[in-house]
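Residue numbers begin at 1 in each chain, while the letters A, B, ... track the order of the sequences.
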There are 2 protein chains.
Amino acid sequence: MSDKPYHHGDLRRALVEAGLGILEESGLEALTLRACAARAGVSHAAPRNHFDGLTGLLAAITAEGFRRHEAALRAGIAAAPEAPQLGALRGYVAFAQANPALFKLMFGAKKLHDDPELSEAANGSLAVLAGIAEGLDWPGAGDREAAMAMLWALAHGVADLTVNNSLRACTRPDGTLPGLAEIYPGYKSKKGAPGAPS
Amino acid sequence: MSDKPYHHGDLRRALVEAGLGILEESGLEALTLRACAARAGVSHAAPRNHFDGLTGLLAAITAEGFRRHEAALRAGIAAAPEAPQLGALRGYVAFAQANPALFKLMFGAKKLHDDPELSEAANGSLAVLAGIAEGLDWPGAGDREAAMAMLWALAHGVADLTVNNSLRACTRPDGTLPGLAEIYPGYKSKKGAPGAPS
DNA sequence: CGCAGCATGTTTCCACCGTAAACATATGGA
DNA sequence: TCCATATGTTTACGGTGGAAACATGCTGCG
């Protein structure tokens with residue numbers, strides 16, 4: 001019932017892609033139920049057959065965002081095998097900079113529908129960070145949760161402040177952020193701490 | 001012209017306070033131009049005489065938020081004279097937890113009116129962090145901007161993820177966040193690095 | 001003193017939004 | 001064949017921000 005379209009041809013997926021396109025082209029403020037429906041070529045009431053109102057559609061878009069977010073984390077880790085934590089941080093920030101509107105939606109203020117698809121996607125990104133933190137031997141950070149919290153918070157803080165242009169005062173003329181490369185002075189990666197579990 | 005009210009009695013301030021009250025009581029989604037006007041006892045078109053539409057009102061509310069944010073930073077610093085950076089971080093997070101809706105507005109996705117009052121208030125908080133970073137001798141963080149960016153990003157990341165309940169998986173049963181106290185393993189505070197300049 | 005001008009606030013209207021219900025249409029199985 | 005149901009449309013409603021016309025009261029100048 002979800003991959004065998006009747007009238008339109010997988011309208012559910014079309015609506016999510018329409019939302020992602022609107023986010024890229026026009027930003028978060030333009031992300032409207034009616035706009036998504038129009039871009040998908042259907043009436044504004046059609047989405048109700050596939051999502052629980054606007055919040056349901058936003059939850060589906062956000063879930064796709066977390067899947068891409070997880071991919072960005074893995075890409076960053078793969079690009080820096082000798083320092084996976086730093087690579088994950090770079091991937092985290094790169095994703096936010098490449099998809100600012102989507103990032104704002106994912107971590108924005110709006111309360112989304114409690115969707116199992118969304119939970120699973122978000123947990124995917126979390127699992128990547130958890131796997132990375134496993135190999136992080138931060139001086140003073142005792143347990144795994146502490147290391148993960150510190151890593152996540154640092155990455156998210158840089159990403160969010162960058163998206164909101166709040167770190168503008170700290171960025172160098174070439175656009176890079178000072179301290180990002182030196183941000184893990186005391187880490188040393190243990191062997192056997194690959195990309196992530198799951 | 002701004003402190004000598006004609007009809008209402010400082011409606012501008014009343015509207016900002018109404019907005020802050022709505023944020024506290026009902027959250028960010030309830031923060032509406034019409035709701036603020038109603039709470040201040042005027043028609044929904046009255047705010048237009050004092051603000052440039054909704055974004056102008058939100059900018060004024062956000063400016064007041066940054067003033068309180070700066071006060072929270074200073075309070076956190078004063079509470080930990082031996083470790084001002086850690087104190088500022090605690091103040092940053094405490095403010096976000098005490099005023100989640102206001103924090104979301106301040107660092108949320110909505111593009112606010114470019115207001116000199118808002119810029120000044122935001123720069124006030126920034127100056128506090130800059131003054132703290134001056135005294136931060138983080139191993140590997142070369143210049144002042146780097147230290148400030150790291151400090152700010154870490155504080156903001158913890159605060160934002162806490163507000164969005166995203167760090168729920170990392171919080172201890174008693175509600176504290178692991179790693180927060182041990183988060184500055186290598187810092188040592190220099191003498192003569194007080195609360196902040198300005 | 002009195003009136004003109006302007007700051008302030010209200011009323012009314014408009015376009016857009018999300019939601020809901022009634023209605024239309026196409027699909028697939030009995 | 002024919003009906004139950006999934007899918008999509010039309011229409012309507014309340015709520016939002018914004019704009020214009022109108023009303024009200026202060027303030028300063030003659």
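Following rounding to the nearest Å, B:L33 (CG) and D:dA19 (P) show an atom-to-atom distance of 12 Å. Atom-to-atom, CZ of A:R34 to P of D:dT10 comes out at 12 Å; the value is rounded to the nearest Å. In this structure, B:L54 places its CG atom 15 Å from C1' of D:dA19, rounding to the nearest Å. In this structure, B:L15 atom CG and C:dT8 atom C1' are separated by 12 Å, rounded to whole Å. The CD atom of A:E29 sits 11 Å away from the P atom of D:dG18 (whole-angstrom rounding). If you measure from atom CG of A:N49 to atom C1' of D:dT7, you get 5 Å, rounded to the nearest angstrom. Here C:dC17 presents its C1' atom at 14 Å from CD1 of A:I22, a figure rounded to the nearest Å. As a whole-Å value, the separation of B:L57 CG from D:dG18 P is 10 Å.
In the displayed structure, B:R39 atom CZ is contacted under 6.0 Å by more than 12 heavy atoms of other residues, nucleotides or ligands.
Base engagement by A:S43 is indicated by at least one non-hydrogen atom pair under 4.0 Å involving a base atom. A:H50 comes within 4.0 angstrom of the backbone, heavy atoms only, and of no base.
The shortest side-chain heavy-atom distance between A:L20 and A:E24 does not fall under the 4.5 Å cut-off.
Contact record, B:A30 with B:A35: O-CB, 3.8 Å, taken as the closest heavy-atom pair.
With hydrogens and angles ignored, no donor-acceptor pair closer than 3.5 Å exists between the side chain of B:H44 and the base of C:dT11.
Residues A:A46 and B:G53 both approach DNA chain D. Their nearest nucleotides, taken by heavy-atom distance, put A:A46 toward the 5′ side.
The shortest distance between the side-chain N/O atoms of B:R48 and the OP1/OP2 oxygens of C:dG9 is not below 4.0 Å.
Ring geometry for B:Y92 versus B:H156: interplanar angle over 60°, hence perpendicular rather than tilted (30 to 60°).
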